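In what follows, a structure is listed as C-alpha coordinates, so that the remarks can point back to it.
Numbers here are sequence positions counted from 1. Treat the numbers as computed from the prediction; the structure is a model and nothing was measured.
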Amino acid sequence: MSGPLFPRLKGNSRGCLAFEPFFLIPYSMVSTYATLYMYELGIAETSIGWITTIGLIVQVFSSFISGYLTDRMGRKSAILYFDLFSWSLATILWAVSHNVWFFLTAALVNGFQRVPHTAFYCLIVEDTKPADRTYVFTLLQIISVIGGLFAPLGGLLVDHYGLVSGTRIMYVLAFLMMTFQFVGRHLSTRETEIGQRKMRETRDLGVKESLIDYGGAIRDIVTSKSLMLIFSVYILFNFQATMKTTYLSLYMADYLHVGSGLISLFPAVSSVIMLLTLWLLMPKIPEHAANRSMMAGFILSVASNVMLVLWPTSNLVWIGLSTILAAVGLMISSPYLEAAVQNAIDDDKRAKVFSMLSVLILLLTSPAGIIGGWAYKLDPRIPVWLVAAAFAGAVLLMMLHQRREKSQETQAALRQ
(Lines give C-alpha, C1' and ligand atoms only; values in the text may rest on other atoms or scores of the structure.)
Protein backbone atom coordinates (compact mmCIF):
# COMPACT_ATOMS: atom_id res chain seq x y z
CA MET A 1 0.00 0.00 0.00
CA SER A 2 2.97 2.33 0.43
CA GLY A 3 5.04 4.07 -2.23
CA PRO A 4 3.86 6.12 -5.21
CA LEU A 5 0.29 5.33 -6.14
CA PHE A 6 -0.30 5.66 -9.86
CA PRO A 7 2.92 4.30 -11.47
CA ARG A 8 1.76 0.76 -10.62
CA LEU A 9 -1.35 1.22 -12.76
CA LYS A 10 -0.98 -0.23 -16.24
CA GLY A 11 -3.18 -0.89 -19.26
CA ASN A 12 -6.90 -1.22 -18.72
CA SER A 13 -6.85 -0.46 -14.99
CA ARG A 14 -5.25 2.91 -15.77
CA GLY A 15 -7.72 3.65 -18.59
CA CYS A 16 -10.70 2.67 -16.41
CA LEU A 17 -9.66 4.59 -13.29
CA ALA A 18 -8.56 7.74 -15.15
CA PHE A 19 -12.13 8.43 -16.29
CA GLU A 20 -13.96 7.08 -13.23
CA PRO A 21 -14.24 10.52 -11.49
CA PHE A 22 -16.53 11.69 -14.31
CA PHE A 23 -19.04 9.07 -13.14
CA LEU A 24 -18.52 9.19 -9.38
CA ILE A 25 -18.58 12.99 -8.94
CA PRO A 26 -22.07 13.53 -10.41
CA TYR A 27 -23.27 10.23 -8.89
CA SER A 28 -22.24 11.32 -5.37
CA MET A 29 -23.97 14.68 -5.87
CA VAL A 30 -27.27 13.27 -7.10
CA SER A 31 -27.51 10.07 -5.02
CA THR A 32 -27.80 12.13 -1.82
CA TYR A 33 -30.99 13.73 -3.12
CA ALA A 34 -32.49 11.00 -5.37
CA THR A 35 -34.96 9.71 -2.75
CA LEU A 36 -35.81 13.20 -1.43
CA TYR A 37 -36.39 14.33 -5.06
CA MET A 38 -38.98 11.59 -5.54
CA TYR A 39 -40.54 12.33 -2.16
CA GLU A 40 -40.75 16.07 -2.95
CA LEU A 41 -42.53 15.30 -6.24
CA GLY A 42 -45.25 13.44 -4.32
CA ILE A 43 -44.00 9.84 -4.60
CA ALA A 44 -45.03 7.97 -1.40
CA GLU A 45 -42.55 5.96 0.71
CA THR A 46 -44.09 2.64 -0.36
CA SER A 47 -44.01 3.70 -4.05
CA ILE A 48 -40.31 4.62 -3.66
CA GLY A 49 -39.78 1.12 -2.25
CA TRP A 50 -41.63 -0.48 -5.19
CA ILE A 51 -39.67 1.55 -7.76
CA THR A 52 -36.39 0.52 -6.09
CA THR A 53 -37.43 -3.13 -6.01
CA ILE A 54 -38.71 -3.23 -9.62
CA GLY A 55 -35.44 -1.64 -10.73
CA LEU A 56 -33.56 -4.36 -8.84
CA ILE A 57 -35.69 -7.08 -10.48
CA VAL A 58 -34.60 -5.74 -13.90
CA GLN A 59 -31.06 -5.82 -12.59
CA VAL A 60 -31.54 -9.54 -11.77
CA PHE A 61 -32.44 -10.18 -15.42
CA SER A 62 -29.59 -8.03 -16.77
CA SER A 63 -27.17 -9.73 -14.35
CA PHE A 64 -28.23 -13.13 -15.65
CA ILE A 65 -27.53 -12.18 -19.28
CA SER A 66 -24.50 -9.97 -18.45
CA GLY A 67 -21.97 -12.83 -18.50
CA TYR A 68 -23.18 -14.01 -21.92
CA LEU A 69 -23.30 -10.47 -23.38
CA THR A 70 -19.87 -9.59 -21.94
CA ASP A 71 -18.37 -12.73 -23.50
CA ARG A 72 -20.32 -12.36 -26.77
CA MET A 73 -19.84 -8.60 -27.39
CA GLY A 74 -16.46 -8.27 -25.71
CA ARG A 75 -15.77 -6.34 -22.52
CA LYS A 76 -15.31 -2.97 -24.27
CA SER A 77 -18.46 -3.01 -26.43
CA ALA A 78 -20.68 -4.35 -23.64
CA ILE A 79 -19.54 -1.67 -21.21
CA LEU A 80 -19.87 1.19 -23.73
CA TYR A 81 -23.30 0.45 -25.22
CA PHE A 82 -25.01 -0.59 -22.02
CA ASP A 83 -23.53 2.29 -19.99
CA LEU A 84 -24.91 4.73 -22.57
CA PHE A 85 -28.32 3.04 -22.35
CA SER A 86 -28.57 2.39 -18.61
CA TRP A 87 -26.96 5.60 -17.33
CA SER A 88 -26.94 8.32 -20.02
CA LEU A 89 -30.57 7.67 -21.01
CA ALA A 90 -31.69 7.09 -17.40
CA THR A 91 -30.22 10.39 -16.15
CA ILE A 92 -32.14 12.29 -18.86
CA LEU A 93 -35.35 10.49 -17.85
CA TRP A 94 -34.77 11.34 -14.16
CA ALA A 95 -34.09 14.98 -15.09
CA VAL A 96 -37.56 15.35 -16.66
CA SER A 97 -39.49 13.05 -14.28
CA HIS A 98 -42.63 14.48 -12.69
CA ASN A 99 -44.70 11.42 -11.72
CA VAL A 100 -44.34 7.78 -10.67
CA TRP A 101 -44.42 6.47 -14.27
CA PHE A 102 -41.36 8.52 -15.30
CA PHE A 103 -39.44 7.27 -12.27
CA LEU A 104 -40.51 3.69 -12.99
CA THR A 105 -39.37 3.97 -16.65
CA ALA A 106 -36.02 5.41 -15.54
CA ALA A 107 -35.63 2.56 -13.02
CA LEU A 108 -36.36 -0.03 -15.74
CA VAL A 109 -33.76 1.52 -18.09
CA ASN A 110 -31.21 1.91 -15.29
CA GLY A 111 -31.77 -1.75 -14.36
CA PHE A 112 -29.59 -2.77 -17.33
CA GLN A 113 -26.54 -1.28 -15.52
CA ARG A 114 -25.55 -4.82 -14.49
CA VAL A 115 -24.26 -5.61 -17.99
CA PRO A 116 -21.58 -2.87 -17.88
CA HIS A 117 -21.03 -3.70 -14.18
CA THR A 118 -19.90 -7.23 -15.06
CA ALA A 119 -17.95 -6.00 -18.10
CA PHE A 120 -16.18 -3.33 -15.98
CA TYR A 121 -14.93 -5.87 -13.41
CA CYS A 122 -13.67 -8.14 -16.20
CA LEU A 123 -11.95 -5.23 -17.97
CA ILE A 124 -10.25 -3.87 -14.84
CA VAL A 125 -9.28 -7.26 -13.31
CA GLU A 126 -8.35 -9.68 -16.10
CA ASP A 127 -5.06 -8.10 -17.18
CA THR A 128 -4.14 -7.14 -13.59
CA LYS A 129 -1.97 -9.42 -11.44
CA PRO A 130 -3.83 -10.91 -8.41
CA ALA A 131 -1.31 -9.28 -6.07
CA ASP A 132 -2.17 -5.83 -7.50
CA ARG A 133 -5.95 -6.15 -7.30
CA THR A 134 -6.32 -4.88 -3.71
CA TYR A 135 -4.28 -1.85 -4.83
CA VAL A 136 -6.55 -1.26 -7.84
CA PHE A 137 -9.74 -1.53 -5.73
CA THR A 138 -8.20 0.78 -3.10
CA LEU A 139 -7.60 3.38 -5.81
CA LEU A 140 -11.18 2.87 -7.01
CA GLN A 141 -12.32 3.50 -3.43
CA ILE A 142 -10.15 6.66 -3.27
CA ILE A 143 -11.75 8.00 -6.46
CA SER A 144 -15.17 7.24 -4.98
CA VAL A 145 -14.12 9.09 -1.82
CA ILE A 146 -12.91 12.13 -3.77
CA GLY A 147 -16.22 12.06 -5.66
CA GLY A 148 -17.96 12.34 -2.29
CA LEU A 149 -16.13 15.63 -1.63
CA PHE A 150 -18.22 17.17 -4.41
CA ALA A 151 -21.55 16.21 -2.80
CA PRO A 152 -21.88 19.66 -1.11
CA LEU A 153 -22.08 21.20 -4.61
CA GLY A 154 -25.41 19.40 -4.82
CA GLY A 155 -26.38 21.07 -1.55
CA LEU A 156 -25.50 24.50 -3.00
CA LEU A 157 -27.67 23.81 -6.05
CA VAL A 158 -30.55 22.69 -3.82
CA ASP A 159 -30.18 25.77 -1.59
CA HIS A 160 -30.11 28.11 -4.60
CA TYR A 161 -32.69 26.54 -6.92
CA GLY A 162 -34.81 24.43 -4.54
CA LEU A 163 -34.81 20.65 -4.14
CA VAL A 164 -36.60 19.74 -7.39
CA SER A 165 -34.90 22.23 -9.77
CA GLY A 166 -31.49 21.69 -8.13
CA THR A 167 -31.76 17.92 -8.51
CA ARG A 168 -32.88 18.26 -12.16
CA ILE A 169 -29.71 20.32 -12.84
CA MET A 170 -27.62 17.59 -11.16
CA TYR A 171 -29.15 14.92 -13.41
CA VAL A 172 -28.32 16.96 -16.55
CA LEU A 173 -24.72 17.39 -15.31
CA ALA A 174 -24.62 13.64 -14.64
CA PHE A 175 -25.71 12.93 -18.24
CA LEU A 176 -22.94 15.14 -19.68
CA MET A 177 -20.12 13.92 -17.41
CA MET A 178 -21.04 10.24 -17.49
CA THR A 179 -21.35 10.19 -21.28
CA PHE A 180 -17.89 11.81 -21.54
CA GLN A 181 -16.55 9.11 -19.20
CA PHE A 182 -18.00 6.21 -21.20
CA VAL A 183 -16.54 7.44 -24.50
CA GLY A 184 -13.16 8.42 -22.95
CA ARG A 185 -12.75 5.04 -21.23
CA HIS A 186 -13.64 3.21 -24.45
CA LEU A 187 -10.88 5.06 -26.32
CA SER A 188 -8.31 4.47 -23.52
CA THR A 189 -8.69 0.70 -23.05
CA ARG A 190 -8.21 -2.43 -25.14
CA GLU A 191 -10.02 -5.74 -25.20
CA THR A 192 -8.48 -8.24 -22.76
CA GLU A 193 -6.89 -11.46 -24.01
CA ILE A 194 -9.53 -13.51 -22.18
CA GLY A 195 -12.22 -11.25 -23.69
CA GLN A 196 -10.95 -11.86 -27.23
CA ARG A 197 -10.92 -15.62 -26.65
CA LYS A 198 -14.38 -15.61 -25.08
CA MET A 199 -15.80 -13.67 -28.07
CA ARG A 200 -14.52 -16.40 -30.42
CA GLU A 201 -15.76 -19.23 -28.16
CA THR A 202 -19.22 -17.68 -27.66
CA ARG A 203 -19.70 -17.13 -31.39
CA ASP A 204 -18.85 -20.82 -31.98
CA LEU A 205 -21.11 -22.06 -29.17
CA GLY A 206 -24.28 -20.10 -29.87
CA VAL A 207 -26.82 -18.70 -27.38
CA LYS A 208 -28.36 -21.97 -26.15
CA GLU A 209 -25.05 -23.72 -25.45
CA SER A 210 -23.63 -20.60 -23.78
CA LEU A 211 -26.60 -20.34 -21.42
CA ILE A 212 -26.36 -24.07 -20.60
CA ASP A 213 -22.74 -23.36 -19.65
CA TYR A 214 -24.10 -21.16 -16.84
CA GLY A 215 -24.98 -24.38 -14.98
CA GLY A 216 -21.25 -24.96 -14.48
CA ALA A 217 -20.82 -21.45 -13.06
CA ILE A 218 -23.64 -22.02 -10.55
CA ARG A 219 -22.14 -25.41 -9.62
CA ASP A 220 -18.72 -23.80 -9.04
CA ILE A 221 -20.29 -21.38 -6.56
CA VAL A 222 -22.48 -23.79 -4.54
CA THR A 223 -19.90 -26.59 -4.24
CA SER A 224 -17.19 -24.36 -2.74
CA LYS A 225 -17.83 -23.52 0.94
CA SER A 226 -15.09 -20.88 0.97
CA LEU A 227 -16.59 -19.23 -2.11
CA MET A 228 -20.08 -19.37 -0.59
CA LEU A 229 -18.89 -17.74 2.66
CA ILE A 230 -17.08 -14.82 0.98
CA PHE A 231 -19.96 -14.39 -1.48
CA SER A 232 -22.45 -14.36 1.44
CA VAL A 233 -20.46 -11.53 3.06
CA TYR A 234 -20.56 -9.67 -0.27
CA ILE A 235 -24.34 -10.20 -0.50
CA LEU A 236 -24.91 -8.78 3.02
CA PHE A 237 -22.62 -5.85 2.16
CA ASN A 238 -24.71 -5.07 -0.94
CA PHE A 239 -28.00 -5.49 0.98
CA GLN A 240 -27.02 -2.84 3.52
CA ALA A 241 -25.75 -0.54 0.73
CA THR A 242 -29.16 -0.68 -1.02
CA MET A 243 -31.04 -0.05 2.22
CA LYS A 244 -28.71 2.76 3.32
CA THR A 245 -28.65 4.53 -0.07
CA THR A 246 -32.45 4.45 -0.33
CA TYR A 247 -33.45 5.44 3.21
CA LEU A 248 -30.62 7.11 5.17
CA SER A 249 -31.05 10.59 3.64
CA LEU A 250 -34.82 10.33 4.11
CA TYR A 251 -34.32 9.19 7.74
CA MET A 252 -32.03 12.14 8.45
CA ALA A 253 -34.32 14.71 6.82
CA ASP A 254 -37.72 13.34 7.82
CA TYR A 255 -37.04 11.76 11.25
CA LEU A 256 -33.92 13.50 12.59
CA HIS A 257 -35.02 16.84 11.04
CA VAL A 258 -31.62 17.67 9.52
CA GLY A 259 -31.88 20.45 6.91
CA SER A 260 -31.81 19.32 3.25
CA GLY A 261 -28.82 21.54 2.48
CA LEU A 262 -26.85 20.15 5.45
CA ILE A 263 -27.38 16.50 4.43
CA SER A 264 -24.92 16.87 1.54
CA LEU A 265 -22.16 17.81 4.04
CA PHE A 266 -22.04 14.29 5.48
CA PRO A 267 -20.76 12.57 2.28
CA ALA A 268 -18.04 15.24 2.16
CA VAL A 269 -17.07 14.61 5.82
CA SER A 270 -17.08 10.90 5.05
CA SER A 271 -14.76 11.48 2.07
CA VAL A 272 -12.24 13.49 4.09
CA ILE A 273 -12.17 10.83 6.84
CA MET A 274 -11.71 8.05 4.28
CA LEU A 275 -8.77 9.87 2.71
CA LEU A 276 -7.19 10.36 6.16
CA THR A 277 -7.77 6.65 6.88
CA LEU A 278 -6.08 5.77 3.60
CA TRP A 279 -3.11 8.00 4.39
CA LEU A 280 -2.65 7.27 8.11
CA LEU A 281 -4.08 3.82 8.78
CA MET A 282 -4.12 1.62 5.68
CA PRO A 283 -0.33 1.64 5.05
CA LYS A 284 0.01 0.03 8.52
CA ILE A 285 -2.35 -2.86 7.65
CA PRO A 286 -0.28 -5.85 6.42
CA GLU A 287 -1.68 -7.90 3.51
CA HIS A 288 -2.08 -11.01 5.70
CA ALA A 289 -4.39 -9.03 8.02
CA ALA A 290 -6.97 -8.38 5.27
CA ASN A 291 -9.67 -10.54 6.93
CA ARG A 292 -9.15 -8.92 10.34
CA SER A 293 -9.31 -5.49 8.72
CA MET A 294 -12.62 -6.39 7.07
CA MET A 295 -14.11 -7.56 10.37
CA ALA A 296 -12.94 -4.41 12.19
CA GLY A 297 -14.52 -2.31 9.45
CA PHE A 298 -17.83 -4.16 9.74
CA ILE A 299 -17.86 -3.74 13.55
CA LEU A 300 -17.29 0.03 13.21
CA SER A 301 -20.15 0.13 10.67
CA VAL A 302 -22.47 -1.65 13.16
CA ALA A 303 -21.58 0.95 15.81
CA SER A 304 -22.15 3.91 13.44
CA ASN A 305 -25.69 2.79 12.57
CA VAL A 306 -26.65 1.79 16.11
CA MET A 307 -25.70 5.32 17.23
CA LEU A 308 -28.30 6.87 14.90
CA VAL A 309 -31.17 4.77 16.26
CA LEU A 310 -30.30 4.53 19.96
CA TRP A 311 -30.11 8.31 20.22
CA PRO A 312 -32.03 9.80 17.27
CA THR A 313 -31.04 13.46 17.35
CA SER A 314 -30.41 16.30 14.90
CA ASN A 315 -27.18 17.11 16.80
CA LEU A 316 -24.60 17.52 14.02
CA VAL A 317 -21.69 16.45 16.23
CA TRP A 318 -23.38 13.12 17.04
CA ILE A 319 -24.34 12.48 13.40
CA GLY A 320 -20.83 13.55 12.38
CA LEU A 321 -19.27 11.01 14.79
CA SER A 322 -21.50 8.28 13.32
CA THR A 323 -20.39 9.38 9.82
CA ILE A 324 -16.71 9.19 10.85
CA LEU A 325 -17.09 5.61 12.20
CA ALA A 326 -18.93 4.56 9.02
CA ALA A 327 -16.22 6.13 6.81
CA VAL A 328 -13.33 4.42 8.60
CA GLY A 329 -15.26 1.13 8.60
CA LEU A 330 -15.95 1.30 4.86
CA MET A 331 -12.38 2.27 3.96
CA ILE A 332 -10.73 -0.59 5.88
CA SER A 333 -13.19 -3.22 4.64
CA SER A 334 -14.47 -2.49 1.12
CA PRO A 335 -11.23 -2.72 -0.98
CA TYR A 336 -10.21 -5.95 0.77
CA LEU A 337 -13.68 -7.45 0.27
CA GLU A 338 -13.74 -6.54 -3.44
CA ALA A 339 -10.26 -8.05 -3.97
CA ALA A 340 -11.16 -11.19 -1.97
CA VAL A 341 -14.25 -11.76 -4.14
CA GLN A 342 -12.35 -11.25 -7.42
CA ASN A 343 -9.41 -13.44 -6.33
CA ALA A 344 -11.86 -16.21 -5.39
CA ILE A 345 -13.09 -16.38 -9.02
CA ASP A 346 -11.16 -18.22 -11.74
CA ASP A 347 -10.12 -15.78 -14.53
CA ASP A 348 -11.35 -18.09 -17.29
CA LYS A 349 -14.86 -18.24 -15.75
CA ARG A 350 -14.98 -14.66 -14.45
CA ALA A 351 -17.81 -13.22 -16.59
CA LYS A 352 -20.20 -16.12 -15.95
CA VAL A 353 -19.38 -16.64 -12.25
CA PHE A 354 -19.49 -12.90 -11.50
CA SER A 355 -22.79 -12.53 -13.38
CA MET A 356 -24.25 -15.42 -11.37
CA LEU A 357 -22.96 -13.81 -8.17
CA SER A 358 -24.67 -10.58 -9.25
CA VAL A 359 -27.92 -12.51 -9.78
CA LEU A 360 -27.64 -14.01 -6.27
CA ILE A 361 -26.91 -10.57 -4.79
CA LEU A 362 -29.87 -9.00 -6.52
CA LEU A 363 -32.32 -11.81 -5.77
CA LEU A 364 -31.50 -11.41 -2.09
CA THR A 365 -31.27 -7.59 -2.07
CA SER A 366 -34.19 -6.76 -4.41
CA PRO A 367 -36.72 -7.04 -1.53
CA ALA A 368 -34.68 -4.38 0.34
CA GLY A 369 -36.64 -1.53 -1.25
CA ILE A 370 -40.09 -2.90 -0.35
CA ILE A 371 -38.94 -4.15 3.09
CA GLY A 372 -37.40 -0.73 3.75
CA GLY A 373 -40.53 1.12 2.60
CA TRP A 374 -42.87 -0.94 4.80
CA ALA A 375 -40.41 -0.86 7.71
CA TYR A 376 -39.96 2.92 7.39
CA LYS A 377 -43.72 3.41 7.57
CA LEU A 378 -43.89 1.26 10.74
CA ASP A 379 -40.90 2.99 12.34
CA PRO A 380 -38.26 5.06 10.45
CA ARG A 381 -35.52 3.52 12.66
CA ILE A 382 -36.09 -0.07 11.43
CA PRO A 383 -34.22 0.32 8.07
CA VAL A 384 -31.17 1.62 9.98
CA TRP A 385 -31.40 -1.36 12.38
CA LEU A 386 -31.46 -3.67 9.33
CA VAL A 387 -28.26 -2.05 8.00
CA ALA A 388 -26.57 -2.68 11.38
CA ALA A 389 -27.83 -6.29 11.40
CA ALA A 390 -26.39 -6.92 7.90
CA PHE A 391 -22.93 -5.75 9.07
CA ALA A 392 -23.20 -7.90 12.23
CA GLY A 393 -24.04 -10.94 10.06
CA ALA A 394 -21.02 -10.17 7.85
CA VAL A 395 -18.75 -10.24 10.96
CA LEU A 396 -20.02 -13.72 11.91
CA LEU A 397 -19.54 -15.04 8.36
CA MET A 398 -16.00 -13.61 8.21
CA MET A 399 -15.19 -15.41 11.48
CA LEU A 400 -16.37 -18.69 9.91
CA HIS A 401 -14.39 -17.94 6.73
CA GLN A 402 -11.23 -17.19 8.71
CA ARG A 403 -11.65 -20.38 10.77
CA ARG A 404 -12.08 -22.39 7.56
CA GLU A 405 -8.94 -20.84 6.00
CA LYS A 406 -6.89 -21.68 9.12
CA SER A 407 -8.20 -25.26 9.07
CA GLN A 408 -7.23 -25.64 5.40
CA GLU A 409 -3.75 -24.23 6.09
CA THR A 410 -3.28 -26.69 9.00
CA GLN A 411 -4.38 -29.63 6.84
CA ALA A 412 -2.00 -28.55 4.03
CA ALA A 413 0.89 -28.31 6.53
CA LEU A 414 0.15 -31.79 7.90
CA ARG A 415 0.10 -33.29 4.39
CA GLN A 416 3.57 -31.86 3.76
Side-chain angles (χ1 to χ4, degrees), residues 28 31-36 45 141 144-145 148-149 151-152 155 233 236-278 280-282 292-337 365 368 371-399:
S28 71
S31 61
T32 308
Y33 292 98
T35 303
L36 292 171
E45 298 99 321
Q141 188 74 54
S144 177
V145 165
L149 290 171
V233 173
L236 284 173
F237 189 82
N238 279 272
F239 176 87
Q240 67 78 26
T242 301
M243 189 73 73
K244 195 169 183 177
T245 301
T246 310
Y247 289 102
L248 185 62
S249 293
L250 185 59
Y251 175 77
M252 289 168 72
D254 184 47
Y255 191 76
L256 301 185
H257 306 296
V258 178
S260 295
L262 288 172
I263 287 173
S264 64
L265 290 175
F266 295 109
V269 171
S270 179
S271 297
V272 171
I273 297 302
M274 288 170 82
L275 287 172
L276 287 172
T277 304
L278 176 81
L280 299 172
L281 185 59
M282 289 195 72
R292 289 202 300 276
S293 179
M294 272 190 263
M295 283 192 283
F298 296 153
I299 290 165
L300 288 176
S301 299
V302 171
S304 74
N305 286 283
V306 168
M307 284 174 66
L308 293 178
V309 286
L310 281 185
W311 187 18
T313 174
S314 59
N315 184 294
L316 295 182
V317 175
W318 185 252
I319 298 171
L321 183 57
S322 168
T323 303
I324 288 168
L325 290 179
V328 176
L330 185 64
M331 193 70 233
I332 63 174
S333 60
S334 180
Y336 292 109
L337 179 58
T365 60
I371 292 167
W374 287 335
Y376 191 90
K377 213 162 189 180
L378 285 172
D379 186 332
R381 292 170 295 182
I382 296 174
V384 188
W385 275 119
L386 290 172
V387 171
F391 277 119
V395 173
L396 294 173
L397 288 170
M398 279 306 302
M399 289 169 70

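- Between the side chain of Tyr251 and the main chain of Leu308, a donor-acceptor pair closer than 3.5 Å is present.
- Judged by distance alone, with hydrogens and angles left aside, the side-chain atoms of Ser322 form no donor-acceptor pair with the main-chain N or O of Trp318 at under 3.5 Å.
- For Leu325, the side-chain contact (heavy atoms from CB on, under 4.5 Å) criterion is met by Leu300, Ala303, Ser304, Met307, not counting sequence neighbours.
- Side chain of Ser334 to main chain of Leu330: no donor-acceptor pair is present (N/O by atom type, distance under 3.5 Å, no hydrogens or angles).
- Residues Val233 and Leu337 are in side-chain contact: their nearest non-hydrogen atoms beyond the backbone lie under 4.5 Å apart.
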Would Leu236 and Phe298 count as a side-chain contact (heavy atoms from CB on, under 4.5 Å) if you check the C-alpha gap in whole Å, the side-chain angles of each, and the deciding distance to 0.1 Å? CA-CA 11 Å; Leu236 284 173; Phe298 296 153; over 6 Å; no
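- Contact between Ala327 and Met274 at its shortest, heavy atoms only, is O-CG, 3.3 Å.
- Between the CG atom of Leu280 and the CG atom of Leu275 there is a distance of 10.5 Å, given to the nearest 0.5 Å.
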Which atom pairs, one a donor and one an acceptor, fall under 3.5 Å between side chains of residues 391-398 and the rest of the protein, sequence neighbours left out?
none

Evaluation steps, side-chain contact (heavy atoms from CB on, under 4.5 Å), between Phe239 and Val387: CA-CA 8 Å; Phe239 176 87; Val387 171; over 6 Å; no
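- Side-chain atoms of Ser293 come within 3.5 Å of backbone N or O of Ile332 as a donor-acceptor pair.
- Between Tyr376 atom OH and Thr35 atom OG1 the span is 10.0 Å, to the nearest 0.5 Å.
- We find the CG-OG1 distance between Leu386 and Thr242 to be 12.5 Å, quoted to the nearest 0.5 Å.
- We find the CD1-NZ distance between Ile382 and Lys377 to be 13.5 Å, quoted to the nearest 0.5 Å.
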side-chain contact (heavy atoms from CB on, under 4.5 Å) assessment of Asn305 paired with Gln240: CA-CA 11 Å; Asn305 286 283; Gln240 67 78 26; 5.8 Å; no
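- Ser333 approaches Gly329 most closely through the heavy-atom pair OG-O, 2.7 Å.
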